[in-house]
Each structure stands twice: as C-alpha cells, then as structure tokens.
Undergrad: 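Structure provided below as structure tokens; questions to follow.
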Amino acid sequence: MFRFRIKVLLVVFVFTILILFGRLSFLQIFKGNSIKDQVRRTNIIEKRIDPIRGSIVDRNGIALAEEVPSFNIYFDPLKFPFEDNSFILEIKKFHKNTAKKSRAIKRKLGSLLIDRLSKEVRIALSDRALKKFHSVIQIPPNEVFKRFVRIYTFAIKRWIPEPLLFNLSFEEAILLEIEYNGVKGLKVATQTIRSYPEGNSCAHLVGQIQHLSEDEVGYLTKNGYFNQNQRMLINLTNEEHQYLLSKHELSNLWVGRTGLEFQYNKLMRGQSGEQCLERILIKNSDGEVSPEYIMLYEIPPKLGRNIKLTIDIELQKIVEEEMRKSFKSTISEREFQRKQVGAFVALNPHTGEILAMSSVPDFNPNDLIPPINSDVVDDVILGIRRPNYIKGLNRGIRGHYPPGSPFKMFVALMALEDKIITDKSRFTCSGSLQLGTGRPFKCHSNFGHQRLNIYKALKKSCNIFFYHLGLKLKTRRQIFWSKQFGFGQKTGIDLPGEYRGNLPKIKYSGTGREISNKYVDSHFSIGQVDLEVTPLQMARGISIFANGGYLVYPHLKRRRKVKRKNLNLNQKNIDIVVEGMFKVVNEPGGTAYRKGRLNNIIMIGKTGTADIGGFPVRAKPKWQDPLYRYSQKSYEPHAWFVGFAPRSNPVISFACISEYSGHGGDIAAPIVKRILERYFKVLKIREDKKPKG
Amino acid sequence: MNNILKNINIFILLPVIALNILGLLAIASTTGGFSNSSFIPKQIVFIIIANIVGLFILNLPLDFFKKYAYVIYGFGFLSLIYVHFFGHVVNNARSWIHFAPGMPNIQPSEFMKYGLILALGRFLMYRETYHKWSDLIFPVILTIVPMMFVLKQPDLGSALIYMPLLFTLLFALGFRFKKIILLMCVGSVMIIFLWNNTGFIKEYQKNRVRAFMDPDAYKEKEAYQLRASLLAIGDGGIFGKGYQQGTIHGFDKLPESHTDFIFAVICEDFGLIGGGLVFGLFLFLLYSLMRLLSFTKDPFALCVILGVTIIMFYQIAISMSVVLGLIPTTGVTLPLVSYGGSSILSNYIGVSLAMNASNCKVLQLSKSEFNEY
C-alpha cells in the first residue's frame, strides 16, 4: 500500500512538471514569434522630424515670413504627476462616452467639465508652483494659470499641440530645465517658430499659421505629409504607423490659415522625416549592462520651399506710411481729423506682377501666432468694437466699391471701339439731362460744360457726355466690354477669398424681350447703378491703357512666363483715351491738376468721387438697421484715383481708394502723388522720356 | 571532517548546488551584472550560512528531532504569534521579524513549515492504519491554526501549502482516498466561504484572481506583472536572448524579477534550454528525495522525508505556475533559485533534514517498544 501510494505520488510529480514544461514550450515555441514582435514594438521608438517651413521673401530677397529658433515649454497634463489624477481619468471617460455624439452636445458637456477642471487645476497647481514659474519667467501667475487651463481644454480632445510658453530666452529655458528636470509632463524643447520680421507690412498678404487640429492630421496623412517609405520589421499597419508618427509628443505641426500661408501651404510645409530608434542593452568592459538607443534608420525631412514674391517691400512700406496718414473731414458739420480707411494696389502693367498691395487699417501678424490673446482676435478678425474698422480685411481684394468716374475711361474706350463716336464728335452739356419725366440727372457743374469733345469730357469728368455715350451703347454692350476688361469676375490672384465684384443685370420681360432701362444705360457709364469693383480689378483695368491692350493676370508669386490676354484693341483709340487722362493731371483745369501733378514725370490718372447712394424715402432704414448710417446725408463719397506712370514707359499702374472721405482729386490724388514721388526717387527715375512717336 | 560530511547524499547535493549557481547567474543578470549587483554578495553569504546550518542539522541525531518535535513546533507557533502583533511590515505584509538594522529580516512562516512536518510526523508515525474521522482532529488543528496566522499576515503563497501538505501526507501514509476527497471538498467550501464573508482574503487578492481570469481588463495594475512575465518568457524563444540581453527584465519592466519571477528571467536569457534545465534539475532533486525513502524504515524518518519532498514539490509547482500564468499571482519563491535569505535557509534546512532522516538506522519499533524507548 505504502509503496503503491509513493509510486502514485511520484507519477503525479512527474506529470505536473511535464504539464509545466508543456506550457513553457507552448509559450516559447508556438507563441514565441508573436510575443517577440510585441516586445520589440515596445522597445522601438519612432520619432517624427519636422521639416522647416519655407520662408516668404520679396522680389529683392528680403524675408517677410521666416522660421526662427525658439525655446518652448510643453505641458502634458496627462503625464504630469498630480497628487490626484482622478479628474484626468474623468476626461478620458468623457472623451470615450461622447465620441459618437454631436459636436454641440460635446461642446456643452465640455464647457461644464472645463469649469470643474479649472477649479481642480488651481488646487493641483498650488500657488507655489505658479509662483515658481513667475520667478523664472516674467509672466504673472494668473496668465500662466490661464494657459494651463487652455491646454487642459486641448487635453479633452487628447490633442495637445500648444506650447505652454514659447519664445523664452536662453537663460529662462536653462533655468526651467534645471527647476523642472525630470518632472514628467513638462519639457523644454528647442524648436522653430514663425516670425514676421517686417511686422505690419504685408500683414494681409502673408496671412497667418496655426496648429493643426486632430482631424487635419488625417487629411495630411492622406496627402502624404508623413513619410511612409519604410516601415520597420515590426508588423505595423500603414495607418498605425502614421498615427504613431503624428502623435509624437511635442507636436509642431503648423498649417496656414489665411493669405499666402494658406495658398502655398503645400509648397512651404515640406515633408516630415522620420527617425527610428531601438532600445537595447549594451555590455561594457566591466560587465555592466546599460540601456542605450541605436539608430535603426533615419529619413531626413524635406525642407519646405521658399516663396519669392513680386512684392517690392520698399514700395510697400512707402505706400503703408502714406496710407496711414489721416485726412481732414470736410463735408461733415465739424472739421476733424479722420483716420484713413482704404486700399492701394500697384501692378507692373506689363506682366501683372503685384508690386504693392496695402489695406489700412492693418495689424501685426506676430500677434496672431498662438497662444493668441483674445483681445487681438476681437480687434483684428471680428472687429467687435468698431465694425467698419476691421483690421483683418484685405480691402485690395475683399473691398467692393462703386467705381464712379474712373469707369468713364473704359466707357470712352468702348464707344471708340464700337465706333459710336470719334475723337471729333461733340455733345452739349447744359448742366442737367432730362430723361422722360421725373428728376433730371445733373452734372457736377451747375452751369454745364457747353459743347465738349472726348478729351475735355475726360478732363472735366463730365457726366452728361457719358450719359449720352451710355444711352447709345446700351447696357448689353457695356456688360460685354466690362467683362472684357476684367470686371465682374475674379482676377485669379493667388490669395484666398477674392471678391468677384458685381455688374448690373439685364432684365427681361415675360416674353423674353429685353427691357431697356435708360436709367441703367446712362448711369452704368459713370460707374454707378449696381456696379461694384475691387481696387485690384481697377488696377488691372488701368493696365490695359498702359500696356497697349493686354489684359494681365495679377499674381503675387513670381513666375517666369508672362501670361496675358490680347484684347485686340485699336492702339489709336487707346491713345485718345490716354491723352484725355493726361489732361486730367497735367493740364490746368484738370480734376487732379492742383494736387496730383508730379514734377518732371508725366503721370496718367483719373480721379473719382463715387457716391454711395441714398435710399428712397419709403425704404429708408430705421436706426436699428445696420444700413442706417448709409442713409445719412453727412456721409461722404469714396475717393478714387487710378492711373499709371510714367507715360512713355509705364512701370507702375495703380488704384487708390479712400473710403468715405471726399473728392478724389482732394484726398486720393495727393496720396498717390506722395507715394510716386518717393518711389521714383528709389527707382532713380528723374525725367520722363519723350513719348513714342 | 569525514565524519561530518559522511551523511551527505551526493545526488541531492549536486542539483542543489547547480540550482544555486543558476539562481546566482539569473540574479546577476536582472540586477545589473556580477560586479554591480548588491544582491549577489548577500545571496552568497546566505548560501554559505545555509550550508553551515544544514551541516549542523545533518549531524544532529534524528532522535533529537523526534523528542523535541512538538517543542520546535511550539517555538515556530510562538514566532508566528509574535509576528502577528509586532511583525515588521514589508510590501504591506506583516510577516517579518526585524532584528537589527544591518541584519537581514527573518520570515518565520518559511520555517514553520518544517516545524509542522516534525509535529505531524511525530503524531502520524504509528498511525498508518487508522481510518477514523476522530483521529484526524488533532493533525487538522495542528495545520489549520498556523495557516490562519500566515493567511492573516497576509502571505497567501505560504498558507496555500499547509492544507495540501496535510492531505498529501495522509494520502501517502495510506489514509482512505475517499475521505481525503471529502476533506478537500470541505476545504474548498471553506475557501468559498472565506472569499465571500470574512476579511481573511483581501480585496487585492480577489483582484488578482479576477485579473487572472481577464488579464486585459486589469492590465495596468494587477495583471501587469503576469503579462510582463509571459512576454519575457515568450521573448526568450528556444535559444534565449543571450545572457544579460533580455529586454523585459533588463528595462525593469518585470517587478520582483530577482525573487518570485526569477524563472522568467532564466527563460528570457536562456530560452527553452535554460527552462528545461531547471525543470530537469528539480525533477532529479525530487526523485533523489523520494529515493531516500528506501534507505530507512523508521516511520518518523519516512514522514519527514515525505513532508520535505511534498513541500518542495508544492513550492516549485506554485511558483512555476504563477510565472507561467497558470494560476493567479501569489508570492512564492522558487526554492534554491530565488533571492532571499529565509527562503534559501529554510530549503537547506528541509533538504538536510531529509538527508539526516535517511541515515536513521533504527529499525522499525512496535508502539509498545517505542513507549519504552
């Protein structure tokens, strides 16, 4: 009995050990390979190497936007060793639970949670910790606290791209590194940051950049931003691999939001590189073992391309200085200084290169690099305090105004091309024109200009003369020619958000017959009715007279090939109109003669005083209506001045508008005069050469 | 000298020494090299002390143990009571006696096992043939009372060995199989009762069982060690990663890698070959211990040898099963391999007790003769 039981016991022992051995071989032989992969994956680190974003330079190579090195502090609340981490778990849970809910619900719940969080953060980051920050960096504790909370809101989305503090000095960075060395979740990183060295100049053109949102990472992934040439031996799927790369801590992904940064984002951003490290154990000569990283492979990033602009920063600065000068309000009851609101666009008339484009008021794009102060947003983008003084609006392409008198030269060219008149035909201006019954349409001279030909009509800017032309041309023909000259359509400039402008429409009766409207016919020709143009369109239109009948395509990025469209105009007709415009500026009695004339250089131009238009009594808006102020009599017209110079060999064509300011010859012409005087000094053009032929 | 060494059984000594060396290698690997590790010199000192104590025990006459079996048991029990009230706390377990700051702590539950064997052997040696329920009361009390104290420390790993030890001993000594099965059923019902009602089983212990059932749900805390252990073993493969090259224990991802999870370290560094060697050595050791049974006919000696073998077997089985993920995680050291003074010492005591018992030349005496003696 005893011996038998001992044998049974021995069998049990052997059997048990065999089972254990079986389990061991199962783990090591059958599951070995998959576990090996798994272990290796935990020891491999893939890092994204961010490319340096390309810079924007002007035509002479002066930088308008560039990357500069900076020390940033990153704060990851999910890793920071708080005493009580429960609320972070709450955030995670929140994110999980609301993954499928709509955005509005998310926002609501999120804001509730943020309120609670801000309390928690205040407790967790005791005042001492905040003061420590303050002692190192000269930012008040309250401000630091605000930024902490802001980053927590990102934490809800599990996407923490924003640095806590950035652009620290070298000393500050070193001090913080010492103070917070080894604390998880706080890290000092040397990175590059966008900088706009010219400040307010070209603010509307260069635009701004922001951090990428998590959704946009997916977009970038599709478009091949992340390098996917090599995937390590570990069996990651393509998506997993790219997700890992995009989630790399201290994310420094930027994307252009407006202006050229948006337009040429793809060119400038480059392509990210990749670094793959494996942690292994290395034995040294003493037999000690220490973990070390070895490089498995490295793919260097492709740098972003630089964008060379056609902008001449010197001209741009001159333009901005002159545009910023205020003017004297004349028509309103009391005289007072008013700030200029307006735009100036200058083109090379032969190629369509934009030499300068400015819009006042302007802003400093450096203020819009995150973290952004909310006051700046109110001021620049939303314009909450002064609705008609929005700084972020690029009036060169976004502002749409009635053209007024500058449109007359286009009508003159239309009429000459259609052979309705010649340079010898005359009309009589008696001061007003009666069309049917009703109010007579007046010329701005009460006594009339008597009989006058096209030269004098342009010089004096006679309305009656052009009413006659308009009545003969009819609306249909005028629309046709306007489209030929580039009005009512986008110019195709390489900036986002261009406005198309507006042309009057032909009305049809029920049977499909065209309804002729003498009011539209006549007022189209002086640039009123529904006609709206942008300053850029105007500058492009005037270039037709400067380059002998070509429609150019304005652009900001430099191109080798000149793209332009021949309109097949008669050079004689163009010369007739140019001669008329010559008289406007350079002959006594011209509308811009007193204030717009240049010494030695012949400038061709046309003033404009565009009425904003009143409201009929019945439709007069009440005071609550935002349109109310347009119906007030004291509101002044827009002042236009467009043209080109010098006459013999045009180097610049321009359009200048000053909003709600007064007569074109009084307000706009002097601005252009000052700008061109300074610009020609820079270009060293002192005298106009004799005109060809 | 020859006198002192003559009782040594070479077939037991060889695997013991081999296992010790393997253990030293593994401890050095996981704690940063021979020259660096602070554990290696301590472990060597422990082994030397254990050898001396073993030799001492080997040369005491078995009669001494037979005579003072209950006294030894009583001392062990007293030390358990002392630990219960004044014990030193390490890792949330009040199971250590702290002598002096420089000295290693001592874990009485490791030694209590052998006291229990002696007492059980003393009680059971002439009762091979009885099968009454009432005769079981005394040995069950002898086993359960210290087990409760150990469970209360809490040291579930050590406590787990007590009851199976009794059952297996009873089985080997010829107790009715049916009754043993019945007893085991009672035991398992008691475990369920303990699980649900009393505070004997702590919440973290329950969590470990839950984590074992569903490792993914508890992978951050309770099942972390288990997962790391399985990864380390699987990473080793057939031939291992090479000495000191295992990344799981090398990057400190496996807690307690030098004590309870030493087997995972061996498996990662030396692969299936190293693991198989350990299994072979243990099997050889168990076989050699069982072989000792044939050298003596003294019933007390037989009981002692059986008890030591059974304890050795259960420790190996539980420790290995934990590391291989077959049972929930509980702290049991791998005998003779793991780092730890108490563990090494108690194993040496056990082995030398068995060797000592095998040399007992006293013929089997009848009960009456024994009483006279």
Side-chain angles (χ1 to χ4, degrees), chain A residues 1-45 78 85-86 88-89 92 234 277-294, chain B residues 28-29 32-36 128-129 168 171-175 177 230-248 250-253 263 267-268 271-272 275-276 278-280 282-283 286-287 290 293-294 302 306 309-310 312-313 316-317 320-321 323-326:
Chain A
M1 189 67 177
F2 179 71
R3 294 224 160 263
F4 172 72
R5 293 235 167 155
I6 294 295
K7 271 177 193 163
V8 170
L9 217 55
L10 200 60
V11 168
V12 168
F13 288 0
V14 172
F15 192 66
T16 313
I17 292 215
L18 276 182
I19 286 176
L20 291 173
F21 188 71
R23 168 76 175 166
L24 181 68
S25 9
F26 168 73
L27 280 176
Q28 295 198 312
I29 295 171
F30 296 105
K31 272 193 150 183
N33 285 333
S34 70
I35 290 180
K36 268 182 188 170
D37 272 356
Q38 216 176 325
V39 171
R40 181 143 198 215
R41 216 184 275 187
T42 61
N43 289 330
I44 284 179
I45 298 164
L78 300 184
N85 265 358
S86 59
I88 286 170
L89 289 177
K92 280 184 178 173
I234 45 177
L277 304 170
E278 185 173 9
R279 198 157 69 139
I280 58 160
L281 288 159
I282 289 181
K283 230 186 269 185
N284 63 10
S285 52
D286 301 338
E288 281 180 43
V289 177
S290 53
E292 261 176 51
Y293 290 100
I294 54 163
Chain B
S29 169
F34 269 102
S35 52
N36 253 5
E128 288 174 24
T129 52
T168 319
F171 171 77
L173 290 174
F175 200 71
F177 195 59
L230 292 182
L231 284 182
I233 291 168
D235 196 24
I238 298 174
F239 300 106
K241 298 210 83 167
Y243 186 56
Q244 292 195 347
Q245 296 297 315
T247 49
I248 295 285
F251 299 137
D252 298 333
K253 286 177 187 169
F263 186 60
C267 285
E268 193 177 12
L272 189 62
V278 174
F279 276 124
F282 274 127
L283 206 56
L286 287 176
Y287 175 72
M290 293 288 257
L293 289 171
S294 61
L302 288 179
L306 260 178
T309 317
I310 289 163
M312 193 66 92
F313 167 72
I316 293 164
M320 295 267 195
S321 307
V323 173
L324 291 168
L326 290 171

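Note that these values count all heavy atoms, side chains included, but never hydrogens, waters or copies made by symmetry. These numbers come from a predicted model, not from an experiment. All chains are named by letter (A, B, ...) in the order of the sequence lines, taking the proteins before the strands, and each is independently numbered beginning at 1.
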Undergrad: Parallel under 30°, tilted from 30 to 60°, perpendicular over 60°: which one fits the rings of A/F13 and B/F313?
TA: parallel
Undergrad: Contact part of B/L230 toward chain A, heavy-atom cut-off under 4.5 Å: side chain, backbone, both or neither?
TA: both
Undergrad: Heavy-atom pairs under 4.5 Å with chain A - which of B/G237, B/G236, B/S294 has more of them than the others?
TA: B/G237
Undergrad: Please state whether the side chain, the backbone, both or neither of A/T16 comes within less than 4.5 Å of a heavy atom of chain B.
TA: side chain
Undergrad: For the candidates A/L27, A/I19, A/V14, which exhibits the highest count of non-hydrogen atom pairs separated by less than 4.5 Å from chain B?
TA: A/L27
Undergrad: Can you say whether B/K241 sits under 4.5 Å from chain A via the side chain, the backbone, both, or neither, judging by heavy atoms?
TA: neither
Undergrad: Counting only non-hydrogen atoms closer than 4.5 Å, does B/S35 touch chain A with its backbone (N, CA, C, O), its side chain (CB onward), both, or neither?
TA: side chain
Undergrad: Sort B/F177 into side chain, backbone, both or neither according to what part of it lies under 4.5 angstrom from a heavy atom of chain A.
TA: both
Undergrad: Measure A/T42 against the heavy atoms of chain B and call it side chain, backbone, both or neither at under 4.5 Å.
TA: both
Undergrad: Please flag which part of B/I248 lies under 4.5 Å from any non-hydrogen atom of chain A: side chain, backbone, both or neither.
TA: side chain
Undergrad: Do A/F4 and A/V8 come within less than 4.5 Å of each other through their side chains, counting heavy atoms only?
TA: yes
Undergrad: Working note: B/I233 + A/K31, criterion side-chain contact (heavy atoms from CB on, under 4.5 Å); need CA distance, chi angles, decisive distance, verdict.
TA: CA-CA 10 Å; B/I233 291 168; A/K31 272 193 150 183; over 6 Å; no
Undergrad: With a 4.5 angstrom heavy-atom cut-off, could you sort out which part of A/I282 is near chain B: side chain, backbone, both or neither?
TA: neither
